Amino acid sequence: MKIATWNVNSIRSRQAQVIDWLQRTQVDVLCLQETKVVDAQFPRSLFEELGYYLYISGQKSYNGVAIFSRKPATDVSMGFAAVLDTAQVGDLDEQKRVISATVDGVRIVNLYVPNGASVNSEKYDYKLRWLKILRDYLHSILEEQSHELCVCGDFNIALEDRDIHNPKGKEKHIMASPVERQALQSVLDLGLGDAFRKFTKEGGNFSWWDYRTRAFRGNRGWRIDHIYLTPNLYNQAISCTIDIEPRKLDKPSDHSPVIVNL
DNA sequence: ATGGCGTTCCTTGAACGA
(Lines give C-alpha, C1' and ligand atoms only; values in the text may rest on other atoms or scores of the structure.)
Protein backbone atom coordinates (compact mmCIF):
# COMPACT_ATOMS: atom_id res chain seq x y z
CA MET A 1 0.00 0.00 0.00
CA LYS A 2 1.46 3.34 -1.10
CA ILE A 3 0.48 6.48 0.81
CA ALA A 4 1.69 9.91 -0.29
CA THR A 5 1.54 13.44 1.09
CA TRP A 6 1.84 16.60 -1.00
CA ASN A 7 1.33 20.28 -0.30
CA VAL A 8 0.15 21.38 -3.75
CA ASN A 9 -0.24 25.13 -3.06
CA SER A 10 -3.70 25.34 -4.72
CA ILE A 11 -5.35 22.26 -6.23
CA ARG A 12 -6.91 24.36 -8.99
CA SER A 13 -3.49 25.63 -10.10
CA ARG A 14 -1.88 22.20 -9.77
CA GLN A 15 -4.64 19.92 -11.04
CA ALA A 16 -2.90 18.79 -14.23
CA GLN A 17 0.38 18.09 -12.40
CA VAL A 18 -1.40 16.07 -9.72
CA ILE A 19 -3.26 14.05 -12.37
CA ASP A 20 0.00 13.31 -14.22
CA TRP A 21 1.71 12.36 -10.97
CA LEU A 22 -1.10 10.00 -9.92
CA GLN A 23 -0.99 8.29 -13.31
CA ARG A 24 2.76 7.86 -13.01
CA THR A 25 2.98 6.73 -9.38
CA GLN A 26 -0.34 4.91 -8.92
CA VAL A 27 -0.39 5.61 -5.19
CA ASP A 28 -3.28 4.11 -3.23
CA VAL A 29 -3.79 7.16 -1.04
CA LEU A 30 -2.81 10.79 -1.63
CA CYS A 31 -3.03 13.32 1.19
CA LEU A 32 -3.11 16.93 0.00
CA GLN A 33 -2.56 20.21 1.82
CA GLU A 34 -3.18 23.83 0.86
CA THR A 35 -5.95 23.01 -1.57
CA LYS A 36 -7.14 26.63 -1.16
CA VAL A 37 -10.69 26.07 -2.31
CA VAL A 38 -14.16 25.62 -0.82
CA ASP A 39 -15.57 22.11 -1.11
CA ALA A 40 -18.26 23.09 -3.64
CA GLN A 41 -15.59 24.34 -6.05
CA PHE A 42 -13.08 21.51 -5.60
CA PRO A 43 -12.19 20.13 -9.07
CA ARG A 44 -13.31 16.56 -8.37
CA SER A 45 -14.13 15.05 -11.73
CA LEU A 46 -10.72 14.26 -13.27
CA PHE A 47 -9.56 12.62 -10.04
CA GLU A 48 -12.74 10.58 -9.79
CA GLU A 49 -12.33 9.52 -13.42
CA LEU A 50 -8.89 8.19 -12.48
CA GLY A 51 -10.63 5.97 -9.94
CA TYR A 52 -10.15 7.86 -6.69
CA TYR A 53 -12.66 8.55 -3.95
CA LEU A 54 -12.29 12.10 -2.67
CA TYR A 55 -12.65 13.29 0.92
CA ILE A 56 -12.14 17.01 1.29
CA SER A 57 -12.21 19.78 3.87
CA GLY A 58 -11.53 23.18 2.36
CA GLN A 59 -12.08 26.88 2.80
CA LYS A 60 -11.74 29.97 0.66
CA SER A 61 -8.21 31.11 -0.28
CA TYR A 62 -6.25 29.48 2.54
CA ASN A 63 -5.43 26.07 3.99
CA GLY A 64 -7.62 23.12 3.00
CA VAL A 65 -6.84 19.38 3.15
CA ALA A 66 -7.99 16.36 1.18
CA ILE A 67 -7.57 12.59 1.03
CA PHE A 68 -7.82 10.73 -2.28
CA SER A 69 -8.15 6.95 -2.02
CA ARG A 70 -8.44 4.16 -4.58
CA LYS A 71 -10.58 2.20 -2.14
CA PRO A 72 -13.52 3.76 -0.31
CA ALA A 73 -12.42 5.05 3.08
CA THR A 74 -14.39 4.66 6.29
CA ASP A 75 -14.84 6.87 9.35
CA VAL A 76 -13.89 10.06 7.53
CA SER A 77 -13.62 12.95 9.97
CA MET A 78 -12.71 16.62 9.72
CA GLY A 79 -11.07 18.74 12.39
CA PHE A 80 -9.99 18.13 15.97
CA ALA A 81 -13.58 18.29 17.25
CA ALA A 82 -14.32 14.89 15.71
CA VAL A 83 -12.30 13.50 18.64
CA LEU A 84 -11.91 16.26 21.26
CA ASP A 85 -14.40 18.41 23.19
CA THR A 86 -15.43 21.53 21.32
CA ALA A 87 -14.51 23.63 24.37
CA GLN A 88 -10.98 22.25 24.20
CA VAL A 89 -10.73 22.77 20.45
CA GLY A 90 -11.96 26.37 20.65
CA ASP A 91 -11.26 28.22 17.40
CA LEU A 92 -8.69 25.75 16.08
CA ASP A 93 -11.07 24.06 13.62
CA GLU A 94 -11.95 27.31 11.86
CA GLN A 95 -8.90 26.84 9.63
CA LYS A 96 -9.26 23.60 7.68
CA ARG A 97 -6.07 21.72 8.53
CA VAL A 98 -7.14 18.25 9.70
CA ILE A 99 -8.80 15.35 7.90
CA SER A 100 -8.68 11.69 8.84
CA ALA A 101 -9.93 8.47 7.28
CA THR A 102 -9.41 4.71 7.54
CA VAL A 103 -8.21 2.75 4.51
CA ASP A 104 -7.37 -0.97 4.71
CA GLY A 105 -7.26 -0.84 8.50
CA VAL A 106 -4.82 2.07 8.54
CA ARG A 107 -6.04 5.25 10.22
CA ILE A 108 -4.65 8.06 8.11
CA VAL A 109 -4.36 11.53 9.65
CA ASN A 110 -3.62 14.25 7.13
CA LEU A 111 -2.35 17.53 8.61
CA TYR A 112 -1.48 21.02 7.50
CA VAL A 113 0.35 22.42 10.51
CA PRO A 114 0.23 26.24 10.80
CA ASN A 115 3.25 28.02 9.41
CA GLY A 116 3.77 30.37 12.35
CA ALA A 117 5.01 33.42 10.40
CA SER A 118 7.95 34.32 12.67
CA VAL A 119 9.20 33.25 16.08
CA ASN A 120 7.24 34.81 18.97
CA SER A 121 4.60 36.31 16.67
CA GLU A 122 0.88 35.85 17.25
CA LYS A 123 0.83 33.18 14.56
CA TYR A 124 3.74 31.41 16.24
CA ASP A 125 1.68 31.18 19.44
CA TYR A 126 -1.20 29.82 17.37
CA LYS A 127 1.13 27.17 15.89
CA LEU A 128 2.27 26.07 19.36
CA ARG A 129 -1.30 26.01 20.66
CA TRP A 130 -2.30 23.95 17.61
CA LEU A 131 0.51 21.43 18.16
CA LYS A 132 -0.53 21.00 21.79
CA ILE A 133 -4.09 20.14 20.74
CA LEU A 134 -2.71 17.86 18.02
CA ARG A 135 -0.97 15.88 20.73
CA ASP A 136 -4.23 15.50 22.66
CA TYR A 137 -6.05 14.57 19.45
CA LEU A 138 -3.59 11.81 18.51
CA HIS A 139 -3.38 10.64 22.10
CA SER A 140 -7.17 10.17 22.16
CA ILE A 141 -7.15 8.24 18.88
CA LEU A 142 -4.36 5.98 20.12
CA GLU A 143 -6.12 5.34 23.44
CA GLU A 144 -9.65 4.83 22.18
CA GLN A 145 -8.99 3.04 18.91
CA SER A 146 -6.85 0.05 18.11
CA HIS A 147 -5.85 1.31 14.67
CA GLU A 148 -2.39 1.57 13.28
CA LEU A 149 -1.72 5.23 12.55
CA CYS A 150 -0.18 7.01 9.57
CA VAL A 151 0.15 10.70 10.48
CA CYS A 152 1.33 12.68 7.49
CA GLY A 153 1.33 16.13 5.98
CA ASP A 154 3.04 19.50 5.87
CA PHE A 155 4.37 19.99 9.41
CA ASN A 156 6.17 23.27 8.73
CA ILE A 157 8.92 22.05 11.08
CA ALA A 158 12.37 20.69 10.29
CA LEU A 159 13.05 18.55 13.33
CA GLU A 160 16.81 18.21 13.01
CA ASP A 161 19.69 20.20 11.56
CA ARG A 162 20.21 17.60 8.84
CA ASP A 163 16.72 18.54 7.61
CA ILE A 164 17.89 22.05 6.65
CA HIS A 165 20.35 22.99 3.90
CA ASN A 166 21.97 25.54 6.19
CA PRO A 167 21.00 25.41 9.87
CA LYS A 168 22.83 28.67 10.67
CA GLY A 169 20.52 31.00 12.58
CA LYS A 170 17.94 28.27 13.08
CA GLU A 171 17.19 29.21 16.73
CA LYS A 172 15.39 32.30 15.56
CA HIS A 173 14.02 30.86 12.32
CA ILE A 174 10.44 29.78 11.91
CA MET A 175 10.22 26.00 11.24
CA ALA A 176 13.41 25.29 13.21
CA SER A 177 13.19 27.12 16.52
CA PRO A 178 13.79 24.94 19.61
CA VAL A 179 10.29 25.47 21.06
CA GLU A 180 8.43 24.33 17.95
CA ARG A 181 10.82 21.41 17.47
CA GLN A 182 10.10 20.38 21.04
CA ALA A 183 6.36 20.72 20.44
CA LEU A 184 6.60 18.32 17.49
CA GLN A 185 8.91 15.96 19.38
CA SER A 186 6.35 15.80 22.15
CA VAL A 187 3.76 14.66 19.57
CA LEU A 188 6.14 12.01 18.23
CA ASP A 189 6.80 10.79 21.78
CA LEU A 190 3.30 9.31 21.68
CA GLY A 191 4.97 6.55 19.69
CA LEU A 192 5.41 7.67 16.09
CA GLY A 193 8.43 6.97 13.91
CA ASP A 194 9.69 9.02 10.94
CA ALA A 195 9.27 6.73 7.90
CA PHE A 196 11.79 8.67 5.80
CA ARG A 197 14.53 8.38 8.40
CA LYS A 198 14.07 4.62 8.62
CA PHE A 199 15.77 4.45 5.23
CA THR A 200 17.81 7.62 4.74
CA LYS A 201 20.20 9.07 7.30
CA GLU A 202 22.00 11.67 5.19
CA GLY A 203 21.20 15.35 5.05
CA GLY A 204 20.56 17.05 1.72
CA ASN A 205 17.12 15.49 1.34
CA PHE A 206 14.38 18.11 1.32
CA SER A 207 10.68 18.47 0.55
CA TRP A 208 10.33 22.26 0.29
CA TRP A 209 12.33 24.93 -1.51
CA ASP A 210 11.59 28.65 -1.40
CA TYR A 211 10.23 30.06 -4.65
CA ARG A 212 11.93 33.35 -4.05
CA THR A 213 15.61 32.56 -4.02
CA ARG A 214 15.87 29.95 -6.76
CA ALA A 215 16.38 27.64 -3.83
CA PHE A 216 15.58 24.46 -5.75
CA ARG A 217 18.33 25.01 -8.29
CA GLY A 218 20.93 25.00 -5.51
CA ASN A 219 19.03 22.41 -3.41
CA ARG A 220 18.71 24.95 -0.63
CA GLY A 221 15.71 23.24 0.90
CA TRP A 222 14.04 22.10 4.06
CA ARG A 223 12.51 18.73 4.97
CA ILE A 224 9.20 19.81 6.52
CA ASP A 225 6.76 17.30 4.98
CA HIS A 226 6.66 14.10 6.99
CA ILE A 227 5.10 10.66 7.28
CA TYR A 228 4.99 9.30 10.83
CA LEU A 229 3.97 5.72 11.65
CA THR A 230 3.04 3.69 14.71
CA PRO A 231 5.52 0.86 15.47
CA ASN A 232 3.90 -2.01 13.54
CA LEU A 233 3.50 0.08 10.39
CA TYR A 234 6.99 1.50 10.83
CA ASN A 235 8.39 -2.01 10.91
CA GLN A 236 6.34 -2.96 7.85
CA ALA A 237 7.49 0.01 5.77
CA ILE A 238 9.42 -1.07 2.66
CA SER A 239 10.47 2.38 1.44
CA CYS A 240 9.92 6.07 1.96
CA THR A 241 11.05 8.58 -0.65
CA ILE A 242 10.72 12.20 -1.67
CA ASP A 243 9.85 12.63 -5.35
CA ILE A 244 11.52 15.85 -6.48
CA GLU A 245 10.45 15.45 -10.13
CA PRO A 246 7.29 17.59 -9.81
CA ARG A 247 9.40 20.42 -8.32
CA LYS A 248 11.33 20.58 -11.61
CA LEU A 249 8.25 21.35 -13.69
CA ASP A 250 7.12 24.75 -14.91
CA LYS A 251 4.82 26.41 -12.34
CA PRO A 252 5.43 23.84 -9.60
CA SER A 253 4.23 23.70 -6.03
CA ASP A 254 7.02 24.77 -3.71
CA HIS A 255 6.70 21.34 -2.01
CA SER A 256 7.47 17.85 -3.32
CA PRO A 257 5.45 14.71 -2.54
CA VAL A 258 6.66 12.17 0.03
CA ILE A 259 5.67 8.53 -0.48
CA VAL A 260 5.71 5.58 1.89
CA ASN A 261 5.29 2.00 0.73
CA LEU A 262 3.78 -0.26 3.39
C1' DA B 1 16.94 42.79 3.21
C1' DT B 2 9.89 45.14 5.67
C1' DG B 3 14.01 42.05 -0.34
C1' DG B 4 13.52 37.71 -3.91
C1' DC B 5 8.08 34.38 -5.85
C1' DG B 6 3.41 32.41 -6.28
C1' DT B 7 -1.72 32.14 -5.23
C1' DT B 8 -6.00 34.21 -4.05
C1' DC B 9 -9.54 37.76 -4.15
C1' DC B 10 -16.43 41.14 -4.74
C1' DT B 11 -8.19 41.96 -7.39
C1' DT B 12 -5.57 46.35 -9.86
C1' DG B 13 -2.40 45.93 -4.34
C1' DA B 14 -2.68 43.28 0.05
C1' DA B 15 -2.63 39.13 2.69
C1' DC B 16 -0.40 34.97 3.30
C1' DG B 17 2.83 31.43 2.85
C1' DA B 18 7.69 29.49 4.83
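Everything quoted here is computed from the prediction, not taken from an experiment. Here is the naming used below: chain letters follow the sequence lines, and residue numbers restart at 1 for every chain. Quick note: numbers below take in every heavy atom, side chains included, and nothing from hydrogens, waters or symmetry partners.
The side chain of Ser13(A) contributes no N or O atom lying less than 4.0 Å from OP1 or OP2 of dG6(B). Between dA18(B) and Asn156(A), a contact under 4.0 Å exists linking OP1 or OP2 to a side-chain N or O. Here Asn7(A) reaches the OP1 or OP2 of dA18(B): one of its side-chain N or O atoms lies under 4.0 Å away. In this model, the phosphate group of dC9(B) is approached by a side-chain N or O of Arg12(A) to a distance below 4.0 Å at OP1 or OP2. For the pair His255(A) and dA18(B), the criterion of a side-chain N or O lying under 4.0 Å from OP1 or OP2 is met. Regarding contacts with the backbone of dT7(B), a side-chain N or O of Arg14(A) is found under 4.0 angstrom from either OP1 or OP2. Checking the phosphate oxygens (OP1, OP2) of dA18(B), a side-chain nitrogen or oxygen of Tyr112(A) falls inside 4.0 Å.
Within the 4.0 angstrom heavy-atom criterion, no nucleotide atom of any strand lies near Asn63(A). Residue Phe216(A) is out of contact with every strand shown, counting any heavy-atom pair closer than 4.0 Å. Using a 4.0 Å heavy-atom distance criterion, Ser10(A) is classed as a sugar-phosphate-only contact. Within 4.0 Å (heavy atoms only), Trp208(A) reaches sugar-phosphate atoms of the nucleic acid but no base atom. Residue Lys123(A) is classed as a sugar-phosphate contact, given heavy-atom separations below 4.0 Å to backbone atoms only.
Toward the 5′ end of DNA chain B lies the nearest nucleotide of Thr213(A), the other residue of the pair Thr213(A) and Lys60(A) mapping further downstream. If you find the closest nucleotide of DNA chain B to Asp210(A) and to Gln41(A), the one lying nearer the 5' end belongs to Gln41(A).
Whole-Å rounding puts the Asn115(A) CG to dC16(B) P distance at 11 Å. Separating the CH2 atom of Trp209(A) from the C1' atom of dG6(B) is a distance of 17 Å, rounded to the nearest angstrom. Counting to the nearest Å, the P atom of dA18(B) and the NZ atom of Lys36(A) are 8 Å from each other. In this structure, Phe155(A) places its CZ atom 18 Å from C1' of dG17(B), rounding to the nearest Å. In this structure, the CZ atom of Arg247(A) is 10 Å from the C1' atom of dG6(B), given to the nearest Å. Separating the CZ atom of Phe206(A) from the P atom of dA18(B) is a distance of 17 Å, rounded to the nearest angstrom. With rounding to whole Å, Lys96(A) atom NZ is found 19 Å from dC16(B) atom C1'. The nearest whole Å value for the distance from the CD atom in Gln59(A) to the P atom in dG17(B) is 10 Å.
In the set dA18(B), dG17(B), dC10(B), the nucleotide with an atom closest to the side chain of Tyr211(A) is dG17(B). If you check dA18(B), dC9(B), dT7(B) against the side chain of Ser61(A), the one that comes closest is dC9(B).
Taking the centre of each ring, Phe80(A) and Tyr137(A) come in below the 6.0 Å mark. Taking the six-membered ring where the residue is Trp, the centroids of His255(A) and Trp222(A) are separated by 6.0 Å or more. Trp6(A) and Trp21(A) have their aromatic ring centers within a separation under 6.0 angstrom.
The same atom, P, is picked in dA14(B) and in dG4(B); the two are 13 Å apart, to the nearest Å. With P as the reference atom, dG13(B) and dA1(B) are 28 Å apart, rounded to whole Å. Spacing between dT12(B) and dT2(B) at atom P, rounded to whole Å, works out to 26 Å. Taking the C1' atoms as reference points, dG6(B) lies 15 Å from dT11(B), given to the whole Å. As rounded to the nearest Å, dC10(B) and dC5(B) have P atoms that lie 26 Å from one another.
Heavy-atom minimum distance, Phe199(A) versus Ala237(A): CZ-O, 3.3 Å.
With Tyr112(A) as the aromatic partner, Arg97(A) meets the cation-pi criteria of under 6.0 angstrom to the ring centre and within 45 degrees of the ring axis.
Atom CD1 of Ile56(A) is separated from atom CD1 of Ile11(A) by 10.0 Å, given to the nearest 0.5 angstrom.
Under the rule for a side chain to side chain donor-acceptor pair (under 3.5 Å), the partners of Glu148(A) that lie at least two apart in sequence or sit in another chain are Thr230(A), Asn232(A).
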